[in-house]
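What you see is a predicted model; the values in this text were computed from it and never measured. All values below were derived from every heavy atom in this structure, side-chain atoms included, with hydrogens, water molecules and symmetry-related copies excluded.
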There are 2 protein chains.
Amino acid sequence: MSDHHFELDKGVGPAGQAGWNLLAGEVPFPAAVLSESRIAHNLGWMRAFIETYRLHLAPHGKTTMAPRLFQRQIEAGAWGITVATSQQARVAAAHGVRRILIANQVVGDANIAAILDLLADPEQQVLCIVDSPDCVAMLGQACQARGVTLDVLIELAPEPDQPGYRTGVRDEAGLAKVLAALDQWQGSLRLAGVEFYEGVLPDEAQIRRFVRRAVAVTERLIGEGRFEGTPILSGAGSAWYDVVAEETAELAKTGRAQIVLRPGCYISHDDGLYRIAQEQILKRNPVAPTFGEALQPALRIWAVVQSLPDPARAVVAMGKRDVAFDAGMPRPATLFRKGRDEKPAAAPTHWEVTGMMDQHAYLTIAPGDDIAVGDIIAFDISHPCLTFDKWRKLLVVGDDYRCIEVIDTFF
Amino acid sequence: MSDHHFELDKGVGPAGQAGWNLLAGEVPFPAAVLSESRIAHNLGWMRAFIETYRLHLAPHGKTTMAPRLFQRQIEAGAWGITVATSQQARVAAAHGVRRILIANQVVGDANIAAILDLLADPEQQVLCIVDSPDCVAMLGQACQARGVTLDVLIELAPEPDQPGYRTGVRDEAGLAKVLAALDQWQGSLRLAGVEFYEGVLPDEAQIRRFVRRAVAVTERLIGEGRFEGTPILSGAGSAWYDVVAEETAELAKTGRAQIVLRPGCYISHDDGLYRIAQEQILKRNPVAPTFGEALQPALRIWAVVQSLPDPARAVVAMGKRDVAFDAGMPRPATLFRKGRDEKPAAAPTHWEVTGMMDQHAYLTIAPGDDIAVGDIIAFDISHPCLTFDKWRKLLVVGDDYRCIEVIDTFF
């Protein structure tokens, strides 16, 4: 019998198996591997960025859904944790996150009930988003029936003449209707601020216009006495947080509103979608390049070559169930052969994943390349959100390739 | 406080919450919902098909990774369960599946150790695939070190002049090398048969040629006395199992080999990829249309309209984390409005999901359509494998929309 006691869920476990060596055949592959030093670097980088602008950070927890990482983010100065759904809010609350921003409309009777359950704990703060009278009425009725008060933010969408929208009120008429609906539910719903998501817009100019409107609307609602205390203005995904920071910093300085940014991907970063976005941030933002090394890709999928059916192709035991594929394929970062190599070396740059099935990846190689069945390849990824959600366990490893911690996800 | 006790994982739970009514606001959405009557129909349909050809069925368990459904498949006559990875094999074994076909190469020291652990139970049968001398050597060494014997099948790939391949030996030279390698590990590895996967080929003619070769190779290896007992010949995914059945039925009749087919998607079927594949099967196969109603899509994702930002768009609280998107978008099947409707009615046929983000779907509607925030839409899906794997809990419901059972997945 082996000494290994693997969990039945994909990924290794249970927590406490620290010491496992990725290079010694002690870990089943594929595995989702986080670099401790890079995670720590990224946490520090974003903290420095946010503090420079004197803003608040509520990292989007939907990215990792790993409460252990929420805890690290809070220890690194985060104001709270953002989530997208009632289930995610419950996970965060159950793991001790006391300030939860649900940056989404909460719909569905059972979903609404689930978040109102959280308010039974007087220490628990929950905010969510409204953008229509129907949405307001459903929340208001549920709160009134329970005798509780829920904090809500009004979501703004880009205006009808802007290219790109998702949820949110798109014009003054929509805003007025939501405000009127909120007036009907005083005591049940408390207007706590304004929220927006700029990532659906195509370029910097459109985004600046949108954020300026959000600032102006917030200022106006403050002037109208719509808020009891200091309101929140919250925006920013992982691609444009610098622009949002620049456009909201002045309001932040006045102390009249709390600005809460919500990037989620910075903790793991990536070598695709967000590497490209970050390169743009480093070019256009004066502050970002001043913190030394930029964000580092901290999440890799380790997998094993299973077959060499052709001189130009290796098949790797990793598939669409292990790694995101909607924003570019994973890229071979390092290669390791047990018995030959002391540690992983850079993978040949011409190797390329050119297709994936559910459980297989096609790696295009050149005839004659030194590659063998059993070789271990670590892949950089593009789009952390759709990679994290493939895993129930994540390995946090040191620079010595030894496992420091196994952490759980709750998707 | 609510009476609901939702699990923290996405989907509802715990098991035992039978009786929940999908239409009464008792279930948080989105939810993955299986129709009990359709599941039962599909299980019976495939049983009838397999029995007509006198073949064996080892449904691919990777599709659902729900041991409760493995059990249903075995109760409906399945010979065993197929899986793709060592983790999946462990899940199946831990839930009582006594005959497990790993239709894949097992690579990685810890992965190999995990499957050899299973052999400690003398009642446990495990078969896996080899296609290279390196693969054989790694398994052989591990078996020898433990003093156990593992059953392996040689995988055949389409030949080099055929358009499409994945893993497997592609020519006689490759086959000879694997056979020679197996000769080195007698006592540790036992050749139990031949395996192939035809789904990478583009058309029926290519597939028939490939399956005929697999039959011929099996016959030849039988003639050469390569097998101890009756060998297994295994192939067939969910799109071409009829062609594989036709081409292997004659060998099955001789009793000289056991033919094991491995479709996995039939249990849930779908309204996309496999609806189209099944239409082709019904056209080309003489037996399939004789079992009454064809396979029925049994898995739907229920989700709620969260916003109506535009007369031509509804945003639904369902995203790439809830449903497959690699083989067509989910399609609105039914619409239900609580307080107005007694039960769901067919959704307008012009409604179409035209985009998804991680947690949102864009539903294109026509201006003036009767749709409201809070409406509940059940979506048919395309590609069950990449839908099931988004869920830790599945609801099995009766035709009265009441939950019969909540079942766990182990991805």
Which heavy-atom pair separates A/Ala110 from B/Pro28 by the least distance, and what is that distance?
CB-N, 3.4 Å
Using non-hydrogen atoms and a 4.5 Å limit, figure out which bit of A/Ala84 sits close to chain B: side chain, backbone, both or neither.
side chain
Between B/Asp408 and B/Lys393, does the salt bridge (charged side-chain N to carboxylate O under 4.0 Å, His left out) criterion hold? Intermediate values first, please.
CA-CA 5 Å; B/Asp408 293 307; B/Lys393 306 262 181 206; 2.7 Å; yes
Heavy-atom pair of closest approach, residues B/Asn104 and B/Cys128
O-CB, 4.1 Å
With a cut-off of under 6.0 Å to the ring centre and 45° to the axis, is B/Arg321 in cation-pi contact with A/Phe411?
no
Which of B/Val107, B/Thr85, B/Val305, B/Asp134 touches chain A most, by non-hydrogen pairs under 4.5 Å:
B/Val107
Looking only at heavy atoms, the pair that brings A/Pro30 and A/Ile301 closest together is CB-CG2, 4.2 Å
Using a cut-off of under 4.5 Å for heavy-atom pairs, which of A/Gly374, A/Ala317, A/Pro309 has the most such pairs with chain B?
A/Pro309
Answer key: most heavy-atom pairs under 4.5 Å with chain A among B/Gln306, B/Met357, B/Met65, B/Met138 is B/Gln306
Taking every heavy-atom pair that is under 4.5 Å apart, which of B/His383, B/Arg313, B/Arg170, B/Gln105 has the most such pairs with chain A?
B/Arg313
I'd like to know which of B/Ser307, B/Gly319, B/Ser132, B/Ala137 tops the heavy-atom pair count under 4.5 Å against chain A.
B/Ser307
Answer key: most heavy-atom pairs under 4.5 Å with chain B among A/Asp310, A/Val169, A/Asp326 is A/Asp310
Under 4.5 Å from any heavy atom of chain A, what part of B/Lys338 do you find: side chain, backbone, both or neither?
side chain
Taking the six-membered ring for Trp, are A/Phe325 and B/Phe325 ring centroids under 6.0 Å apart?
yes
Can you say whether B/Val315 sits under 4.5 Å from chain A via the side chain, the backbone, both, or neither, judging by heavy atoms?
side chain
With chain B as the partner, which of A/Tyr165, A/Phe29, A/Tyr362 has the greatest number of non-hydrogen pairs under 4.5 Å?
A/Tyr165
Minimal heavy-atom distance between A/Lys390 and A/Val323, with the atoms involved, is CG-N, 3.8 Å
Looking only at non-hydrogen atoms, find the nearest pair between A/Ala103 and A/Glu195 and report the distance.
CB-OE2, 4.0 Å
Name the option with the most non-hydrogen atom pairs under 4.5 Å to chain B; the candidates are A/Asp389, A/Val200, A/Leu308, A/Ile376.
A/Asp389
In terms of heavy-atom pairs under 4.5 Å with chain A, the winner among B/Arg166, B/Gln359, B/Lys320 is B/Arg166
